[in-house]
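Below is one structure, written out as structure tokens; comments come after it.
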Amino acid sequence: MIEIENLTKQFGHKTAVDHLSFSVRKGEVLGFLGPNGAGKSTTMRMITGFLPPSGGDARICGLSILSNPREAKQKIGYLPESAPLYNDMTVIGFLRFCAGIRGLNGSARKEAVERAIETCFLQRVAQQSIDTLSKGYRHRTCLAQALLHDPEVLILDEPTDGLDPNQKYEVRQLIKRLGETKAILFSTHILEEVEAACTRALIVDRGRIVEDGTPAELVARGNGSLTELFRKVTTLDRAAA
Amino acid sequence: MRNILTIFKREFVSYFSRPIAYAIIVVFILFAKGMTFTFGSFIASGDASLNYSFFSFHPWLFMLLAPALGMGMWADEQRNGTIELLGTFPISPWSIIFGKYLAAVSVWFITLVLTFPIVIAVNWLGHPDNGIILSGYIGSFLTCCTFLAITMFFSACTRDQVVCLIVSVLVCFVMVICGFDGFTLQVSRILGREAVESIASIGVIDHFSALTSGAFRLQDLVWFLSIIGGSLLGTSAILTAKRA
């Protein structure tokens, strides 16, 4: 469902993503791990068509994001890292707007918005203005936006960032449930999350894949600890500098 | 087309869900009318036209108020990160640019429509040529659209609204002053008459006053549309370049 081939991004002389290749199949939840600045968000931005790659291509359900951007984008639900929202709108107004952009109208739009509100537990704040929401609700509103059109592929950039333990648990359960029928790529810093929600995980460092395997395999490679493996295969900030 | 409408609706409602649109409407009407009855000597001149007394002040007001309305068009999106959402929606960048631009233009259209009491007043007091008044409104609206397009371009260049406001006001000011009589007189004294013509050609006043005096010339329309078109193209180029 997601096929990445030699994806590369250079900012000036700096290579943020270096010939990255991997794929995510339907029913798979791929955890995307790596230290800060490893190129996770840049990779996701290229897959979703926000950033043009310097080289390589990403195919979503067989559609190239470079040659068929509109069709490919239609298949993706994307939660950006900072969960950006329009603060002057209400939650329901924002979701209606996003559904409209996705080509949903009339009763289809109403149903999609209701379903997304229900899935992300937003009933209590649906009529509330977005600038009055707490961080957890803001994150879930942005996640709801990604689910509106029931996409086949979900790209989630740190979906549990800033959530309290209860919300984290709920979002992980949600990812697990959605992963049964979709292809999900999600990035995280929290290593336990990988064991809790992923069927497979990649560790990237300085734009390259350094580990790839199921959570159990990775834990075994780290002598029983994913943290141990992570520390072993990734570069420390000061070493990178 | 449907996407332009969706973006347009969001932006248009957003202007009115914040104080910005109301502030622009009130300030513009207040100043436009205030100037008509003071500097414009609307009553004292006894002339049943709006050319000097009403329209001639518009470029000066637009120069400040059009950038004030438009400075957040892209700057806000870039600061809040919502540009990333827009960039990953399955719509063309042009739908977003047109939708946003039309929403800002519509706020100004409403503002100009709301100055209608002056038209009623001048018709009640005398027998004006309403065709010239309509042409004046068209000139006024096109000037405002031009300044909005320029503001949109600078808004795409920076995420800082204040920088956008300052630069846009400056550029619009240059376009207004270049055709202003007091300024062109000084220029002709120093540099001669030929220089005046080339300087005035940069300015908006030449094209604006042709319309307010009722002359509907194709060259003016082309001038306005090419500046608007150029600014929108520039906006698209800047947004693309920023992502690369």
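Please read these numbers as outputs of a predicted model, since none were measured by experiment. Letters A, B, ... mirror the listed sequences (proteins, then strands); counts begin at 1.
- With A:Tyr86 as the aromatic partner, B:Arg10 meets the cation-pi criteria of under 6.0 angstrom to the ring centre and within 45 degrees of the ring axis.
- Only the side chain of A:Arg45 comes within less than 4.5 Å of a heavy atom in chain B; its backbone stays farther off.
- A:Phe97 and A:Phe94 have tilted rings, their planes meeting at an angle from 30° to 60° on a 0 to 90° scale.
- Interface residue B:Thr6: backbone and side-chain heavy atoms are both found under 4.5 Å from chain A.
- In this structure, chain A has a heavy atom under 4.5 Å from the side chain of B:Leu86, while its backbone stays farther away.
- Both the backbone and the side chain of B:Arg243 come within contact range of chain A, judged by heavy atoms closer than 4.5 Å.
- With a 4.5 Å cut-off on non-hydrogen atoms, A:Gln145 touches chain B through its side chain but not through its backbone.
- Nearest approach of A:Ile209 to A:Ser21, heavy atoms of both residues: CD1-O, 3.4 Å.
- Taking the six-membered ring where tryptophan is involved, the planes of B:Phe57 and B:Phe39 are tilted, since the angle between them lies from 30° to 60°.
- Within the 6.0 Å centre-distance limit, the rings of B:Trp60 and B:Phe180 are counted as a close aromatic pair.
- Contacts between A:Ile76 and chain B at a heavy-atom distance below 4.5 Å are absent for every atom of the residue.
- For A:Lys75, no part lies near chain B; criterion is any non-hydrogen pair under 4.5 Å.
- The aromatic rings of B:Phe55 and B:His58 sit perpendicular, their planes meeting at an angle over 60°, well past the 30° parallel limit.
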